[in-house]
Structures are given as structure tokens and as C-alpha cells.
Amino acid sequence: MARKKIALIGSGMIGGTLAHLAGLKELGDIVLFDIADGIPQGKGLDIAQSSPVEGFNASLTGASDYAAIEGADVCIVTAGVARKPGMSRDDLLGINLKVMEQVGAGIKKYAPNAFVICITNPLDAMVWALQKFSGLPKNMVVGMAGVLDSARFRLFLSEEFNVSVQDVTAFVLGGHGDTMVPLARYSTVAGIPLTDLVKMGWCTQERLDQIIQRTRDGGAEIVSLLKTGSAYYAPAASAIEMAESYLKDKKRVLPVAAHLSGQYGVKDMYVGVPVVLGAGGVERIVEIDLNKAEKEAFDKSVGAVAGLCEACINIAPAL
Ligand code: TXD
């Protein structure tokens, strides 16, 4: 069986890390693409030279021509500008929307059958625009944010409770950003909901609220430490988990930015919800009951995403 082909559109910090992880996991042959000629070629060659040492088989090539992504099974999009300190995700909107237009055209022409994972910020608006610019089926275009946000929540909880990260599951809904909705009653330690753990005295509600806030601010915390860019190891690992579920038809239940057509009362928008990811792309959207407070928080988050989509339409009326 021929190897799968993975196209990484954008070969910056996340793109390079994606290439390294995809190689180590032998997910397929990898094409790095970027407009900065030399960067994708250099990173591809460097990672390829690690393959004899690590013992993985994959071809890694770099390109600055979209023809190189022809026939890709998966495209992971990080192309654009990353946040600098003091810059919000929304500041990026205007610049990155133009990038999505080019990327969408490239994917439409050369990889119309691919499963597409968008990472570029502001995430929920960019994945929405990318789906429209590319014209690919809505179930084949998703955004990565929830896996990362819930990984951050899981790490902070595991440190608080002094238990393995493996035994902590977390559930985060809504848009990627300050309005994301971490759901305590659906997040657990070995199946015990956080709401019960508070009753059991594992931590106070106040402490849990602090952890939730730190999760919401998780991206900004890294930006303020790095000073020259945003997070890339955990975002890359999160997107690779999604790509792997598609390529191996694992049918993982993961929080992703998915196209909603009425679910959760939302129409024609991309918002973070739990979905089943398999060979059919988004095979199912998991719709859970929300209580009043959760619904309010979710609606607020959806409102923020809707505002970003409107801002996109003002810039690009064709959307
Ligand atoms: O949870 C999430 N979704 C995120 C999103 C978590 C962390 C970072 N997130 C966003 O990912 C971040 O705000 C950025 O919008 C993207 C990519 O972050 P990265 O850290 O990889 O940014 P880099 O290192 O600046 O890389 C971007 C590359 C860079 O090499 C540019 O030359 C290239 O994108 N670029 C382009 N490639 C192709 N085509 C065009 N038009 C283009 N413009 C820039």
C-alpha cells in the first residue's frame, strides 16, 4: 500500500513541529509548503536527516509551489502570521483572511479530496473562511483548538490533583479564545466529574475557577513567556492526533471546530464541539444537553465567533 501524503501549508514553528511528529509517527510522506522559499526545503531536509537516527521511513520535501501538494490525503494549514505580545487573535483577522483565500484556492486545485485541518488564528473564523474559499465538503474541513485547550486544562488539573495526565479527561466547548467554555461536569478524573471532586474536597470551587481561567488564558501565557511567537509543540501534537484519527479511521471523539448546521442552535458557523473523527472526516457531531449557565457561556462564545465571521464578510463580501 502506498504511503499517505500529508501536506503542511505553512512551515513555521508549528509546521516544522508537525513535520517532525508526522515523520516520527510514520503517518506518511510529508510535503512542507511555504511562501518563504528555502524554509520548507531546509526543514524538510533537516528532518529527513533525522530519519536514519530515529528509524522512520518517510519522504520529506519542501516547496513553494502548490503543485507539490497534489493528491494530498491530509492538509494541515498554519500559514499566516502568529500573535506577537499584546496582539489579540482578532488582530490577525485581516492579514490571515487573505492567506486563507490563497490556501483555499491551492487546496481546491490540487487536493480536493483531502481532510483539511486549519490551525491559523483567529481559528473559528479562519476555518469557516477556508472551507468557503476551498469549496471542500464541510465534514472534511475542521479547525484545531479544542484538543489543545482541553490538553492545557488536563495538564493543570493533573498538577492540581497530583494524578496522571492520562487519567484526566476534559471537555471544552465553544470558540478558541477568551470565551471558550470548559465544562466542569463533563471533565473527569478517571470518570469522576470535577463537580464531584469539589464536593469530595479535592479542591475548592474557587481553585477550580482559577484553573479554568488559566486554561482560557493558556495561549497568552505562552506568548508572554516566549515574547517572539506563540505556542507550537502542544498545538502541533493536537493537530497530529486529529490527523491520525482520520488517516487510521480511529473514530476518536475529540473537540474540534466543526461546521454546525443547526446543532446547538447554530447555523453555518464553525464552533468547537465534540465530534467523531474517522475516515469520513467528521462522522458525527455529539450534541449534549447544556444547563442554563453552560448554555449562556456557549451562546456568548458563539456570539464572539459570529462577530469575527461578520468582520470577514466585510473584508471579503464573496464569503
Ligand atoms: O489553537 C490554535 N489553533 C493555535 C493557533 C495555537 C497556536 C498558534 N495558532 C496560530 O497558528 C497562530 O496564531 C498562527 O496563525 C498559526 C501558525 O503559528 P506558527 O507559530 O507556526 O507561526 P509561524 O512560525 O509564523 O509560521 C507561519 C508560516 C510562516 O513560515 C510564513 O512564511 C507562512 O506561514 N506564511 C504563508 N505560507 C503560505 N502561504 C502564505 N500566504 C503565507 N503567509 C505566511
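Ligands are counted one by one from 1 in listed order, and the atoms in each one are counted from 1 as well.
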Are [X] and [Y] close enough for a salt bridge, meaning some N to O gap below 4.0 Å?
{"X": "K292", "Y": "E296", "result": "yes"}
{"X": "D46", "Y": "K43", "result": "no"}
{"X": "D29", "Y": "R3", "result": "yes"}
{"X": "R154", "Y": "D167", "result": "no"}

Geometry only, no angles: is [X] polar-contacting ligand 1 at N/O separations under 3.5 Å?
{"X": "T120", "value": "no"}
{"X": "M13", "value": "yes"}
{"X": "M144", "value": "yes"}

Next on the checklist: Over 60° means perpendicular and under 30° means parallel, so tell me whether F115 and Y246 are parallel, tilted or perpendicular.
Outcome noted: parallel
Next on the checklist: If you define the side chain from C-beta out and look only at heavy atoms, does anything of V74 sit under 4.5 Å from K4?
Outcome noted: no
Taking only non-hydrogen atoms of [X], do any sit less than 4.0 angstrom from ligand 1?
{"X": "A231", "result": "yes"}
{"X": "G229", "result": "no"}
{"X": "I9", "result": "no"}

Run the numbers for me: atoms of ligand 1, each under 4.0 Å from some heavy atom of [X], listed by number.
{"X": "Q102", "result": "40 (C), 41 (N)"}
{"X": "N96", "result": "15 (O)"}
{"X": "H176", "result": "1 (O), 2 (C)"}
{"X": "S230", "result": "8 (C)"}
{"X": "I119", "result": "2 (C), 3 (N), 4 (C), 5 (C), 9 (N), 10 (C), 11 (O)"}
{"X": "F33", "result": "38 (C)"}
{"X": "L148", "result": "1 (O), 6 (C)"}

Please check if any side-chain donor atom of [X] sits under 3.5 Å from a side-chain acceptor atom of [Y], or the reverse.
{"X": "S64", "Y": "D37", "answer": "yes"}
{"X": "Q213", "Y": "D209", "answer": "no"}
{"X": "D149", "Y": "H176", "answer": "yes"}

If you take the nearest heavy atom of each of [options], which one is closest to [atom]?
{"atom": "atom 8 (C) of ligand 1", "options": "V147, I14, L123", "answer": "I14"}
{"atom": "atom 35 (N) of ligand 1", "options": "P40, G80, P235, G16", "answer": "G80"}
{"atom": "atom 15 (O) of ligand 1", "options": "D37, V81, L92", "answer": "V81"}

Item to check | is_close_aromatic(Y66, Y110), centroid dist under 6.0 Å | outcome: no
